Amino acid sequence: MRLVGSLLIFSLVLSFVLGGSAQNCGSGVVCGERDTGHGTDGGELGEIISREMFEDLLPYRNDARCPARGFYTYDAFIEAAQAFPAFGNSGNDTMRTREIAAFFAQTGHETTGGWPDAPGGEYAWGYCFISEVSPPSPYCDPNYPCRGKYYGRGPIQLSWNYNYLRCGEGLGLGEELLNNPDLLATDPVLSFKSAIWFWMTAQPPKPSCHEVIIDEWKPSANDVNAGRLPGYGLTTNIINGGIECGQGGNDAVRNRIGFFTTFCGKFGIQPGDNLDCYNQRPYGLILMAQSM
């Protein structure tokens, strides 16, 4: 996965300098959240992440400078999560909370519009983007059908034709996402479902992020030799290890950790051990997801 490019950050900074706010979105633009028509109090998951906490984690997502303004809503998140009963609902309250903090930290990084001196801080700008900026290719593996452009979309920035196929099948949609990948950029519930699907789905030999963050996954001897130990750092390896892990300290991993420790602080929990993947050997170079 790739961090938002310097040109993108420059555009956001310039927009801020020129003036802009969540209330000043320009002519004809609705700045508030899009009504999904499915209001909810969050149910059991709402006990872990309330509507107020959702807003606190992602306070600038509806800012005028964010292309995703109005797209990512609490109601859409809760509705999507209902399709995955174990998500945020495994283990004790601390474990449940840590999973939600980790999920929003990783997806916040994937969609960030923040910069070091951003208003509210660098980690207040998660969910600023829906789609990958300036994708270098259509992300088509020749071993799978290619019927569109499969650049990163949604909270996890799902990429590659095989992932759109697998995700669609996993969600009971058949080849619908393969045929129409823009659904992840136009349907907020489906967009969240794609991210949670990725989070919950193992890709052997990779475990799922869910298994890792709730301490269900146990490393094999090969994993231990590769430095792959339980903790938030391994979720980074699962998501984008081929680019970010096993090469010492780097800004992308530091940004992911910054999101996580910030969000854990908001939830009032400890982040646990093994937060980075600096010395973890990647699983491989073929990745399920890519990012901006």
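These figures come from a predicted structure and were not determined experimentally.
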- Message: Between Tyr60 and Pro119, is there a side-chain heavy-atom distance shorter than 4.5 Å?
- Response: yes

- Query: Taking only residues two or more places apart in sequence or in another chain, which ones pass side-chain contact (heavy atoms from CB on, under 4.5 Å) with Glu176?
  - Reply: Leu173, Leu183

- Note, Tyr278 side chain near Arg254 side chain (heavy atom, < 4.5 Å): yes

- Message: If only side-chain N and O atoms count, and only distance matters, is there a donor-acceptor pair under 3.5 Å linking Asn143 with Asp141?
- Response: yes

- Message: Checking Thr107 now: which residues fulfil side-chain hydrogen bond (donor to acceptor under 3.5 Å, both in side chains) with it, not counting sequence neighbours?
- Response: Tyr127

- Query: For Asp187, which residues count as a salt bridge (Lys or Arg N to Asp or Glu O under 4.0 Å) partner, sequence neighbours excluded?
  - Reply: none

- Task: Working to the nearest 0.5 Å, report the span between OH of Tyr232 and CG of Asn274.
- Result: 13.5 Å

- Message: List the residues meeting ring-ring contact (aromatic ring centres under 6.0 Å, His included) with Phe77, not counting sequence neighbours, and say none if there are none.
- Response: Phe104, Phe192

- Residues which pass side-chain contact (heavy atoms from CB on, under 4.5 Å) with Pro145, listed by chain and number, not counting sequence neighbours: Arg147, Leu178

- Query: Taking C-beta and beyond as the side chain, do Leu177 and Leu190 meet within less than 4.5 Å on heavy atoms?
  - Reply: yes

- Message: Counting only heavy atoms not in Gln270 (residues, nucleotides, ligands), do more than 12 fall under 6.0 Å from its CD?
- Response: no

- Message: Just to verify, what does Phe259 make a ring-ring contact (aromatic ring centres under 6.0 Å, His included) with, not counting sequence neighbours?
- Response: Tyr123, Phe263

- Message: If you define the side chain from C-beta out and look only at heavy atoms, does anything of Ser131 sit under 4.5 Å from Phe129?
- Response: no

- Pairwise distance CG(Asn161) to SG(Cys146) - rounded to 0.5 angstrom: 5.5 Å

- Could you tell me whether the side chain of Glu122 reaches within less than 4.5 Å of the side chain of Asn255, counting heavy atoms only? yes

- Minimum side-chain heavy-atom gap Ser194-Leu184 below 4.5 Å: yes

- Query: Which pairs pass salt bridge (charged side-chain N to carboxylate O under 4.0 Å, His left out) with one or both residues in residues 260-279, sequence neighbours excluded?
  - Reply: Asp56-Lys266

- Message: Is it true that Glu244 and Asn237 share a donor-acceptor pair across their side chains at a distance under 3.5 Å?
- Response: no

- Linking I/L/V/M/F/W/Y whenever their side-chain heavy atoms sit closer than 4.5 Å, directly or via other members, would Met200 and Leu45 fall into one cluster? yes

- Query: Who passes side-chain hydrogen bond (donor to acceptor under 3.5 Å, both in side chains) against Tyr151, sequence neighbours left out?
  - Reply: Arg153

- Distance, nearest 0.5 Å, that separates CG of Leu57 from CD of Glu52: 11.5 Å

- Item | Residue pairs, two or more places apart or on separate chains, that pass salt bridge (charged side-chain N to carboxylate O under 4.0 Å, His left out) and touch residues 221-234 | Asp223-Arg228

- Output the distance between atom CZ (Phe54) and atom CG (Asp75), rounded to the nearest 0.5 Å. 9.0 Å

- Message: I'd like to know whether the aromatic ring centres of Tyr150 and Tyr139 sit less than 6.0 Å apart in this structure.
- Response: no

- Query: So, the side chain of Tyr283 versus the backbone of Gly242: is there a donor-acceptor pair under 3.5 Å, distance only?
  - Reply: no

- Pairing residues for Asn222 by the side-chain hydrogen bond (donor to acceptor under 3.5 Å, both in side chains) criterion, not counting sequence neighbours: none

- Going by distance alone, is a donor N or O of one side chain under 3.5 Å from an acceptor N or O of the other, for Gln106 and Thr236? yes

- Quick one: pull up CD in Glu211 and CD in Glu99 and give me the separation to the nearest 0.5 Å. 10.5 Å

- Message: Quick test of your reading: applying disulfide bond (SG atoms under 2.5 Å apart), list the pairs with at least one residue in residues 155-270, sequence neighbours left out, ordered by first then second residue.
- Response: Cys245-Cys277

Only pairs under 3.5 Å count here: list side-chain donor-acceptor contacts from residues 87-94, not counting sequence neighbours, and write none if there are none.
| from | atom 1 | to | atom 2 | distance (Å) |
| --- | --- | --- | --- | --- |
| Asn89 | ND2 | Pro85 | O | 3.4 |
| Ser90 | OG | Ala86 | O | 2.9 |
| Asn92 | OD1 | Thr94 | N | 3.2 |
| Asn92 | OD1 | Met95 | N | 2.8 |

